[in-house]
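The block underneath contains the structure these notes are about, expressed in structure tokens.
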Amino acid sequence: MADGNGKRASWSGSVAFVLAAAASAIGLGNLWRFPYLAARYGGGVFIAVYLALSLTLGFTLLVTEIAVGRYSRQSQLTAFRALGHPRWNFLGALSTVVPLFILPYYNVIGGWVVKYFVAYIRLVCGGGGLEDAQGFFDSFIAAPWDPFVCMAVFTLVSCAVIVMGVKNGIERANFVMMPILLVMAVGLAVYVALLPGSGEGIRYYLVPDFSSCDNIGKVILGAMGQMFYSLSLAMGIMITYGSYMRRCDSVPKASVRIVAADTFVAVLSGFMIIPVVVMFAAKSGAGRAAIDAGPGLMFVTLPKVFASLGAAGAWIGFIFFVLVLFAAFTSAISMTEACVAAVCDFFRIGRNASVAAICAWTLALGSVSAFGYGRWAAFKPCGMPALDFFDTSMNVLTPVVAALICVFVGWVLQPKRILAECQRDGSAVGFKVFYVVMVKFVAPILVLAILASEICRIFGVGGWRI
Ligand code: PHE
């Protein structure tokens, strides 16, 4: 997409690119979903499987998307046409639909984080309001306007960053937020490790517990689905971000760094969350249910845990929600950019007009999810709240898109085109055979396995439930 003067925008360097892609990848998936899946699926077993998968499958898919973007110099919507395969351009349309539908409800959850961030500011300043964590959450999401207003604030601020452009907006926001996020995450993990009694929780997190992963297939599928979401794959984001990458930078090196940064923060989040939840579970008698709280972990269990930490709890909660806010915000920015760039490239309109269109779309569709627990609670597509409905549909669509991208690159475009793009900066590529085998055979099969498991989950076929 042109950045004002008609030339395609670009990152100022490889650090800026890696930071932007890592900022997209590091989000709610790392801070909330990874720790809770690790706790559920045998601690160290899950972590080991996750590491192995992200370094192989995750790396392959990431290299593919970034190289497609850089080669075509187009966002996902028009990239496939630019590669000389107009018949496959439906894939661009599909991978534009994904962020267009995820962004609105992701911003609703972003709005929830804004609400908690404000609640903890109040708490730190001596106010109250969070004594009954469950009641706070239930009455907030069912309130007539609150969830919409919080979502709108989150959306408008992220659109403001996008209006400022790739270098002046996205890059600058990442340069401020990502280092703060990292320092806070390391600080919290160290604080938790020093708490008396945290050893048991750390053991619970790290030591492989084979008894709680009776079915290794489930662990692998769980880890794979998580890796997918966590690396922001199959949403056009990495194609769009790759299209702003300079030709002199190395795609494989950047990909390894993005995978490493994303995995580091995911593992670190486990150190931050699991020991305190385990300690809380023992103290309050909540047992395993506290750890297995799923979506409620972040908005109900953790506030209870923070409250149990005494005077320090308000500050810990505040720091934690700043961290979550930054992580969610930089991820939302990347999704907004993928949508905005697609609209610009397709309709050949200016950036501001495109941002306005995406902002209006997000507020309109987001309102369905925002009001879905309150004033519009009666509207239940397929029997679920609107937010769950969108989430479930997207969980099916993303593996479809990813599998099709692998089939396209592996069998139609040919892997050598991607490998040639990887060599453009002049560096040798030592993983050619690995890449070809992965993209032609292993990746499509594994990705289709996630799809099958997701469909089984939706239809309640118990054995493969994740
Ligand atoms: N990768 C982000 C995370 O780990 C989530 C995300 C999904 C971001 C889709 C952008 C697009 O939370």
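The model shown is predicted, which means the values in this text are computed figures rather than measured ones. Position 1 is the first residue of the sequence; numbering continues from there. The figures here come from the full heavy-atom set of this structure, side chains too, leaving out hydrogens, waters and symmetry mates.
Interatomic distance, Gln226 CD to Tyr36 OH, rounded to the nearest 0.5 Å: 9.5 Å. Rounding to the nearest 0.5 Å places CZ of Phe228 at 5.5 Å from CG of Leu61. Once rounded to the nearest 0.5 Å, the distance linking CD1 of Ile66 with CD1 of Ile237 reads 12.0 Å. Between the CZ atom of Phe318 and the CZ atom of Phe117 there is a distance of 5.0 Å, given to the nearest 0.5 Å.
Contact annotation: the side chain of Phe321 never approaches that of Val118 to less than 4.5 Å [non-hydrogen atoms, C-beta and beyond]. Taking 4.5 Å as the limit, every side-chain heavy atom of Gln74 sits out of range of all side-chain heavy atoms of Arg81. Counting only heavy atoms from C-beta outward, the side chains of Phe320 and Ile273 approach each other to under 4.5 Å. Counting heavy atoms from C-beta on, the side chains of Glu421 and Arg247 come closer than 4.5 Å. Residues Val343 and Ile349 meet the side-chain proximity criterion, which asks for heavy atoms closer than 4.5 Å.
Within 6.0 Å of CZ on Phe347 lie no more than 12 heavy atoms contributed by other residues, nucleotides or ligands. Within a 6.0 Å radius of CZ in Phe264, no more than 12 heavy atoms belonging to other residues, nucleotides or ligands are found. More than 12 heavy atoms of other residues, nucleotides or ligands lie within 6.0 Å of CZ in Arg417, so this atom counts as buried by the packing criterion.
For the residue pair Glu171/Tyr244, the side-chain donor-acceptor check at 3.5 Å is not satisfied. Checked by atom type, the side-chain pair Asn30/Ser269 shows no donor-acceptor distance below 3.5 Å. The closest side-chain donor-acceptor pair between Arg33 and Tyr229, if any, does not fall under 3.5 angstrom.
Looking only at distances, no side-chain donor or acceptor of Ser230 sits under 3.5 Å from a matching main-chain atom of Met227.
Applying the side chain to side chain contact (heavy atoms under 4.5 Å, CB included) test between Leu323 and each of Val265, Leu188, Val113 identifies Leu188 as the sole match.
Taking the six-membered ring for Trp and thresholds of 30 and 60 degrees, Phe390 and Phe101 have ring planes inclined between 30 and 60 degrees apart. Note: Phe299 and Phe137 have parallel aromatic rings, judged against thresholds of 30 and 60 degrees for the angle between ring planes. Relative ring orientation between Phe59 and Phe434 is described as tilted, the plane-to-plane angle lying within the 30° to 60° band.
Taking the six-membered ring where the residue is Trp, the centroids of Tyr241 and Phe17 are separated by 6.0 Å or more. For Phe46 and Phe34, the ring centers are positioned less than 6.0 Å apart.
Residues forming a side-chain contact (heavy atoms from CB on, under 4.5 Å) with Leu19 (at least two apart in sequence, or on another chain): Asn174, Phe175, Met178. Not counting sequence neighbours, the partners of Thr155 by the side-chain contact (heavy atoms from CB on, under 4.5 Å) test are Asn107, Met151, Cys159, Cys359, Thr362, Leu363. With sequence neighbours left out, the side-chain contact (heavy atoms from CB on, under 4.5 Å) criterion links Phe329 to Phe154, Val157, Ser158, Val161, Met177, Ile333.
Summarising the geometry of Ser10 relative to Arg246, their closest heavy-atom pair is OG-CG, 4.5 Å, with the distance given to 0.1 Å.
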